[in-house]
Amino acid sequence: MFKIINNAITMLLLMALLSCALADNDNQDEAYTIYQEAYNLVLDEKWDEAVSKFDALLQNHPRSSWRDDARYWRCYAEEKKGRDLEASFKCYEEFVSDHRSSKYADHARSNMVRIGEQLVRSGKDQYRPMIKAIRDSDNEELTLATLYAIANIGGEKALNSVHAIYKNAENEKIRGKAVYVLGEFENEAVVPMLLEIAKTDESKDIRKKAVYALGDHDENDVGDALVEILNSDNEISVRKAALYAMSNNDHPNLVQVLREASMGENSELAKAAVYALGDMDQAAASEALRALLKSSAKTEVRKASLYALANHQEEDALEVLKEVALNDSEVSLRKAALYAIADVDGPTAGKMLREIFSNTDNPEVGKAALHAIGDADDRESLNFLRNIAISHANESISQTAFYAYVDEVEDVDAILEIMEQTKSAKVRKAALYKIGDFENDAAVNALASILKKEKDATLRKAAVYALGETESDKAIAVLKDVIANDDSLPVRKAAISALGEIGSPSAQEALMEILQDGSN
């Protein structure tokens with residue numbers, strides 16, 4: 001019986017869909033017929049009738065595939081009526097705005113220029129800048145197309161042609177595209193061109209583009225060009241771009257250049273130099289970072305060196321980071337070293353972080369170590385956090401370990417186990433709220449079980465609030481039982497609040513029942 005009903009429903013759905021499709025086809029056919037009739041009126045130069053017919057098409061078939069055709073030819077017919085040039089200009093303008101990719105868009109812009117010139121001659125100077133904007137836009141399109149076409153040809157002649165386009169362009173967009181195209185040429189002659197642009201272009205953004213384009217080349221004199229930009233009086237952002245570009249270059253002297261820049265007076269440049277060293281795949285770069293970590297007088301440079309060393313993913317750099325984490329006089333650097341260690345892949349990092357936690361005498365560093373251990377994300381590290389959450393004498397430390405643990409573990413049973421074994425009231429309360437975050441049946445069941453066994457009213461109250469956080473109707477029966485039977489008034493009140501937190505129709509019905517029972 002059910003199979004017959006389902007088949008019938010399926011057939012009805014298919015018939016409805018087919019009906020929609022046929023109706024859509026009929027609409028398209030009707031729209032095309034009206035369009036052809038209107039277009040024939042254009043050919044017959046019956047402008048008023050054509051406008052009316054196109055208006056009917058646009059009104060009755062607003063989503064027709066012939067919409068942009070109809071709108072263009074309607075503007076054309078309106079123009080040919082010759083009654084209102086400004087209305088015709090506006091018609092084409094709105095068409096171009098709404099149909100930029102239409103095959104008629106270029107024709108519409110040309111018509112706007114022609115009509116605009118007539119309006120200017122009639123004394124309406126406000127159309128002059130509009131005409132100029134259209135012409136500038138068209139010229140820009142042509143110039144960009146020319147740039148890409150020349151680049152595809154390649155060779156020295158093409159390179160010189162692109163450079164000439166750059167030098168003659170007043171438009172910043174065209175100059176920027178020309179710089180990009182110049183950077184694509186594999187030719188030594190492009191290096192002095194890009195260097196000149198990086199030093200002299202009036203636009204900071206284009207100077208930066210030229211610097212990055214230089215960085216993509218590996219000719220011998222590129223490194224010298226980047227050093228020249230770094231030592232120039234260019235804006236800081238352009239000089240920083242030169243530092244970052246150096247990390248892509250194998251010039252033998254650049255490591256020393258970056259090291260010297262990292263010890264300079266300007267903090268922005270110093271940090272950029274350190275990060276560039278971190279991106280260089282050279283032993284000399286790692287050595288420079290270690291030296292900076294030990295000797296730099298600037299905290300921000302030393303901190304950048306920590307992360308840059310970690311970026312090299314070298315296990316021998318871990319000992320340097322460990323030394324900072326255990327013994328540096330600045331707590332912020334010790335904490336930064338911990339997170340840098342956590343960024344290094346492999347089991348050694350987790351083992352080292354656990355060792356640092358066990359040997360530090362600073363509670364703040366110890367807490368940071370626990371979070372970093374959580375980031376290490378290996379089984380031994382998770383077990384370590386679990387054991388600290390269960391057994392550490394310092395409640396604040398055990399709570400931190402618990403939070404680091406649950407950031408990596410989504411298991412109600414594992415959290416229940418910690419709650420049952422921990423000595424910390426803070427961890428037990430945190431575990432209750434974490435279980436509530438799961439918002440599933442397992443969480444409701446776990447919290448219901450806790451409420452039956454827990455003797456501490458404060459923890460029962462936390463469990464009740466956690467039930468509200470699940471937003472599950474399955475928690476309603478548990479909360480009603482608490483309201484009826486718990487011997488603590490604050491816990492019963494919390495259960496009422498939890499029903500309000502759930503807020504579903506069933507929860508509202510439960511609240512109304514409680515209200516009626518209380519009034520009887």
Side-chain angles (χ1 to χ4, degrees), residues 11-149 173:
M11 288 300 296
L12 285 170
L13 285 171
L14 288 172
M15 290 172 66
L17 288 170
L18 181 60
S19 175
C20 289
L22 291 172
D24 190 50
N25 287 335
D26 288 344
N27 286 336
Q28 290 296 330
D29 289 343
E30 183 183 347
Y32 177 69
T33 300
I34 298 172
Y35 171 76
Q36 283 294 339
E37 291 173 357
Y39 185 69
N40 287 334
L41 290 170
V42 169
L43 296 178
D44 292 338
E45 299 185 5
K46 297 179 179 178
W47 311 123
D48 287 316
E49 293 177 50
V51 169
S52 297
K53 185 68 77 171
F54 282 127
D55 282 342
L57 169 59
L58 293 169
Q59 182 176 350
N60 296 325
H61 302 280
R63 285 181 279 188
S64 165
S65 58
W66 297 95
R67 178 174 174 77
D68 67 319
D69 305 69
R71 283 191 66 182
Y72 173 78
W73 289 112
R74 186 205 177 283
C75 292
Y76 182 84
E78 189 68 54
E79 177 196 347
K80 289 299 182 181
K81 284 161 61 176
R83 295 170 192 162
D84 190 341
L85 286 179
E86 290 190 275
S88 297
F89 186 95
K90 185 175 177 61
C91 186
Y92 285 125
E93 185 179 31
E94 290 175 348
F95 170 81
V96 170
S97 176
D98 294 341
H99 301 282
R100 293 183 185 281
S101 58
S102 169
K103 63 185 177 182
Y104 297 106
D106 288 339
H107 297 297
R109 280 193 292 268
S110 297
N111 292 343
M112 286 171 69
V113 171
R114 176 170 45 75
I115 295 170
E117 287 174 339
Q118 294 179 53
L119 289 167
V120 169
R121 286 195 294 271
S122 69
K124 297 183 185 291
D125 275 355
Q126 66 267 33
Y127 286 89
R128 196 181 300 277
M130 298 184 197
I131 297 169
K132 183 179 185 305
I134 296 168
R135 284 178 169 155
D136 287 347
S137 175
D138 289 347
N139 290 336
E140 180 182 301
E141 296 278 338
L142 291 172
T143 303
L144 291 175
T146 305
L147 267 175
Y148 295 128
K173 180 179 177 181

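Only heavy atoms go into these numbers, but all of them, side chains included; no hydrogens, no water, no symmetry mates.
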Requested in this report: Quick one: closest heavy-atom pair of Ile115 and Ser88, and the distance?
Outcome: CD1-CB, 4.0 Å

**Report entry** Leu85/Lys124 under side-chain contact (heavy atoms from CB on, under 4.5 Å): CA gap, chis, key distance, verdict
**Finding:** CA-CA 11 Å; Leu85 286 179; Lys124 297 183 185 291; over 6 Å; no

**Report entry** Closest contact, heavy atoms only, His99 versus Ala105
**Finding:** O-CB, 3.7 Å

Query - Results of side-chain contact (heavy atoms from CB on, under 4.5 Å) for Val96 - residues two or more places apart only - result: Ala108, Arg109, Met112

Requested in this report: Report the distance from atom CD of Gln126 to atom CG of Leu119, rounding to the nearest 0.5 Å.
Outcome: 8.0 Å

Query - Where Ala50 and Ala38 come nearest, the two heavy atoms and their spacing - result: CB-O, 4.0 Å

Query raised in the report: Out of curiosity, Asn60 CG to Glu30 CD, how far, rounded to the nearest 0.5 Å?
Result: 7.5 Å

Query raised in the report: Below 4.0 angstrom, N of the basic side chain to O of the carboxylate: do Lys90 and Glu86 qualify?
Result: no

**Report entry** Whether His107 and Tyr72 hold their rings parallel, tilted or perpendicular, with breakpoints at 30° and 60°
**Finding:** tilted

**Report entry** Separation of Arg114 CZ from Glu117 CD (nearest 0.5 Å)
**Finding:** 9.5 Å

Query raised in the report: Has the side chain of Ser110 got a donor or acceptor atom that lies under 3.5 Å from a matching backbone atom of Asp106?
Result: yes

Requested in this report: Start with the C-alpha distance between Glu78 and Lys81, add both sets of side-chain angles, then the distance that settles salt bridge (charged side-chain N to carboxylate O under 4.0 Å, His left out), and finish with yes or no.
Outcome: CA-CA 5 Å; Glu78 189 68 54; Lys81 284 161 61 176; 3.2 Å; yes

Query raised in the report: What do the steps show when you test Asp69 against Lys103 for side-chain contact (heavy atoms from CB on, under 4.5 Å), and what is the final call?
Result: CA-CA 9 Å; Asp69 305 69; Lys103 63 185 177 182; 3.7 Å; yes

Requested in this report: Verify side-chain contact (heavy atoms from CB on, under 4.5 Å) between Glu45 and Lys80, making sure each step is shown before the conclusion.
Outcome: CA-CA 8 Å; Glu45 299 185 5; Lys80 289 299 182 181; over 6 Å; no

Requested in this report: Starting at CH2 of Trp66, measure out to OG1 of Thr33 and round the result to the nearest 0.5 Å.
Outcome: 10.5 Å

Query raised in the report: Roughly how far apart are Ser102 OG and Tyr104 OH, rounded to 0.5 Å?
Result: 7.0 Å

Requested in this report: Answer whether the closest heavy-atom distance between the side chains of Phe54 and Val42 falls below 4.5 Å.
Outcome: yes

Query - Stepwise side-chain contact (heavy atoms from CB on, under 4.5 Å) check, Lys53 with Leu57 - result: CA-CA 6 Å; Lys53 185 68 77 171; Leu57 169 59; over 6 Å; no

Query raised in the report: Got a second to check how far Phe89's CZ is from Tyr127's OH, nearest 0.5 Å?
Result: 6.5 Å

Report summary line: Looking only at heavy atoms, the pair that brings Ala70 and Tyr35 closest together is N-CE1, 4.0 Å

Requested in this report: For residues Glu79 and Tyr92, determine if any side-chain heavy atom of one lies less than 4.5 Å from a side-chain heavy atom of the other.
Outcome: yes

